[in-house]
Amino acid sequence: MKQNELQVYNTLSGRKEPFVPLEEGKVGMYVCGPTTYNYIHLGNARPLVVFDTVRRYLEYLGHEVTYVQNFTDVDDKIINKALEEKQNPLELAAFYVEEYFQDAEALNVRRATIHPKVSQHIGNIIELVQALVEKGYAYESEGDVYFEVSKFTDYGKLSKRDLNDLQAGARVEVAEQKRHPADFALWKKAKAGEPSWSSPWGEGRPGWHIECSAMSHEYLGETFDIHAGGMDLIFPHHENEIAQSEACHGSQMARYWLHNGFITINQEKMSKSLGNFFLLRDILQKFPGAVVRFYLLSTHYRSPLDFDDQKLAAAQKGLERLQTTNRLLKEAWKNNVLEEGKSGTKSEQQILAEGELTGEWLDYKIRFMEAMNDDFNTALAIAVLFELAHAINGLITAVVNEPQKKQELFLAGKLFAELTEVLGLELDSAGQKGQEELKEEIEALIEKRQEARKSKDYQLADQIRDQLKEKGVILEDTPQGVRWYFRE
RNA sequence: GGUGCGGUGGCGAAGUUGGCUAACGCUGCGGACUGCAAAUCCGCCAUUCGUCGGUUCAAAUCCGACCCGCACCUCCA
């Protein structure tokens, strides 16, 4: 569907809607972040990359985005793991927060505007719980505080469930102190050895859902634009957030709810019990982060995505195609040196940059945006990128004989860089940077090979080429001479 | 049982408020280029979109039935 304006699929309404921010030019966005009790797995990586891309595109459209992503650093899973490893739970969580940033960086995921942690917002949480108790939406029971679901008439509006179904389907042990099986904990009474804080209900710690209500309110206000996360969070987590926030403030919490689809392994959900659990760390041993990111974006974010090594390998090939165009583009400028401006005059580059995109080049940009406007259709956007790359490859060849096309190439190259940046695709090969010291040695070998070729000693020439290949150096013989680059 | 999602070529994946030749990538095949490669370029690879009916001048796209897969309803991105 062609769209001139951004349309977003909203879980709340179950359909695509035009995206109109609350305040023009500004977008407040909250994304549920990880519980930091381990390195992140592939399933965590998808929302990171997807919503980072959503943010980048919103910024590309000119919005100022306040992007909030929390860390759940107080939680049962953390406490259990800390007990096992005889560590302090808060320290353990802090460790994995740092590790998280390393993984995010590998995926070229930008830092959020704010990364709040539960442990630093206990005060906000207590205030919120207290307000809910005062308003009659929550009740205290033996040191625990529960949200009384039946008091909130909109309960189930996000997940499209009603309380009666929930009751029928409930398979969990019903806690004695709860008035209704679907009531959920806002505050939990402390157990020995757990991190706890004092509260009006005694020592304790927050329940799982309350943190997001408290922190989103703190940084984005009562009503904000986008709330996002994995599909599994729709119920109960996001449903409960809505109940807490809207019961307390009497206003809509988030206007657009976005949820990414799941990653499966061999068509099955990734889970520890099935033994098909992949840590991002382990995948990064085999593939660069850029490939993982590209792979995650090659499917629409709401579709399920099946993972295996062959599929990543195919994605790597595809990404390399874009990287080749990027490399060719840089080569082209090296061979067509842009003239520096004398003092007081413009450089050639500045003059070229003043041109405007026209014709087919403008079309690529429009088609890319139409794709992204259609609920962030990154798969289609990438297809446009491939077509653009293909057209640029042709133009690079043409410009050799037709220098007047230089400006066209310059602008097309700029567009290519701009659009790949919107998707956060990294096209400069990582190896290129850190291996300057090898340069002399490599060039000496290339020189030696060239001599061998001249004297038609192709055996030696091929041997040198293979030798370099083992070091990750790829040679290409072109009419303009030998071109070489690193490939991981 | 309730709720939701999906079934498109060898693989991945767009397109699904009906209408140009069913995108794009990977793989494969043929050709150009090359000493050979690599990269690039040119061309080919689904009469067909889970199945069966229906509506229509026209359907992958709408309607009905059926088959299959998955997820959520319990901690989970």
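Order of the sequence lines sets the chain letters (A, B, ...), proteins ahead of strands, with each chain counted from 1. FYI, side chains are in, hydrogens and waters are out, and symmetry mates aren't considered; it's all heavy atoms of this structure.
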Can you tell me how far [atom2] of [N] sits from [atom1] of [X], to the nearest Å?
X: A/D375; N: B/rG15; atom1: CG; atom2: C1'; answer: 15 Å
X: A/I382; N: B/rG25; atom1: CD1; atom2: P; answer: 12 Å
X: A/N240; N: B/rU74; atom1: CG; atom2: P; answer: 11 Å
X: A/Q316; N: B/rG12; atom1: CD; atom2: P; answer: 19 Å
X: A/L258; N: B/rC5; atom1: CG; atom2: C1'; answer: 17 Å
X: A/N377; N: B/rG12; atom1: CG; atom2: P; answer: 18 Å
X: A/D232; N: B/rC70; atom1: CG; atom2: P; answer: 18 Å
X: A/F184; N: B/rC73; atom1: CZ; atom2: P; answer: 15 Å

*Do A/E211 side-chain atoms and A/P206 backbone N/O form a donor-acceptor pair below 3.5 Å?*
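No: the side chain of A/E211 does not pair with the backbone of A/P206.
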*asked:* Main chain of A/Y67, side chain of A/T113: is a donor-acceptor contact present, judged purely on distance under 3.5 Å?
replied: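 Side chain of A/T113 to backbone of A/Y67, a donor-acceptor pair under 3.5 Å: yes, one is there.
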*Only counting residues at least two apart or in another chain, list the ones meeting side-chain contact (heavy atoms from CB on, under 4.5 Å) with A/N10.*
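Applying side-chain contact (heavy atoms from CB on, under 4.5 Å) to A/N10 gives A/L12, A/S13, A/E17, A/Y256, A/W257.
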*Not counting sequence neighbours, which residues clear side-chain contact (heavy atoms from CB on, under 4.5 Å) with A/N393? List them please.*
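Expected list: A/T325, A/L328.
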*asked:* With nearest nucleotide decided by heavy atoms, which residue, A/G43 or A/V384, maps closer to the 5′ end of RNA chain B?
replied: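 Its nearest nucleotide being more 5', the pick is A/V384.
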*On RNA chain B, nearest-nucleotide positions of A/G229 versus A/Y9: which is more 5'?*
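Per heavy-atom nearest nucleotide, the more 5' residue is A/Y9.
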Describe the nucleic acid contact of [X] in one word from base, sugar-phosphate, nothing, applying a heavy-atom distance below 4.0 Å.
X: A/G230; value: sugar-phosphate
X: A/S159; value: sugar-phosphate
X: A/I396; value: nothing
X: A/K456; value: nothing

Restricting to salt bridge (Lys or Arg N to Asp or Glu O under 4.0 Å), what partner residues turn up for [X], sequence neighbours left out?
X: A/D282; value: none
X: A/E476; value: A/R327, A/R483
X: A/R205; value: A/D76, A/E194
X: A/D73; value: none

*Does A/R161 make a cation-pi contact with A/F235 (under 6.0 Å, within 45 degrees of the axis)?*
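Checked: cation-pi criterion met.
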For nucleotides [N] and [M], find the distance between their [atom1] atoms and express it as a whole number of Å.
N: B/rG50; M: B/rU61; atom1: C1'; value: 15 Å
N: B/rG4; M: B/rG10; atom1: P; value: 33 Å
N: B/rA38; M: B/rU47; atom1: P; value: 31 Å

Close N/O contacts between protein and nucleotides 18-22 of chain B (under 3.5 Å):
none

_Aromatic-base stack, A/F262 on B/rA71, cutoff 5.5 Å, angle under 30_ =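 Base of B/rA71: not stacked against A/F262.
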*asked:* Please encode protein proximity along nucleotides 28-41 of chain B as a string of B, S and -, counting only heavy-atom distances under 4.0 Å.
replied: -------BBBBSSS
*asked:* Name the residue from A/V49, A/N108, A/L107 that meets the side chain to side chain contact (heavy atoms under 4.5 Å, CB included) definition with A/V292.
replied: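 It is A/L107; the other options fail the test.
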*Nearest to side-chain heavy atoms of A/L380, which nucleotide of B/rA14, B/rG2, B/rA77*: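 Among B/rA14, B/rG2, B/rA77, the one nearest the side chain of A/L380 is B/rA14.
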Salt bridge or not between [X] and [Y]? Use side-chain N to carboxylate O under 4.0 Å.
X: A/D374; Y: A/K16; value: yes
X: A/K471; Y: A/E441; value: yes
X: A/K469; Y: A/D466; value: no

*asked:* Counting runs of three or more consecutive pairs, Watson-Crick or G-U wobble, with each distance below 3.5 Å, where are the stems of RNA chain B?
replied: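 Stem segments, range with range: B:1-7 with B:67-73, B:10-12 with B:24-26, B:28-32 with B:40-44, B:50-54 with B:62-66.
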Among side-chain atoms of [X] and [Y], is any donor-acceptor pair under 3.5 angstrom?
X: A/Q69; Y: A/Y100; answer: yes
X: A/D183; Y: A/H180; answer: no
X: A/H209; Y: A/H238; answer: no

Under 3.5 Å, which protein N or O atoms sit close to an N or O of nucleotides 7-9 of chain B? Give each pair with its distance.
none

*Looking at RNA chain B, which of residues 300-310 of chain A put a heavy atom within less than 4.0 Å of it?*
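Hits under 4.0 Å, by residue number: A/H300, A/S303.
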_Summary of salt bridge (Lys or Arg N to Asp or Glu O under 4.0 Å) pairs that have at least one residue in residues 289-302 of chain A, sequence neighbours excluded_ =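 Of all non-adjacent pairs touching residues 289-302 of chain A, those that pass salt bridge (Lys or Arg N to Asp or Glu O under 4.0 Å) are A/D52-A/R293, A/R302-A/D375.
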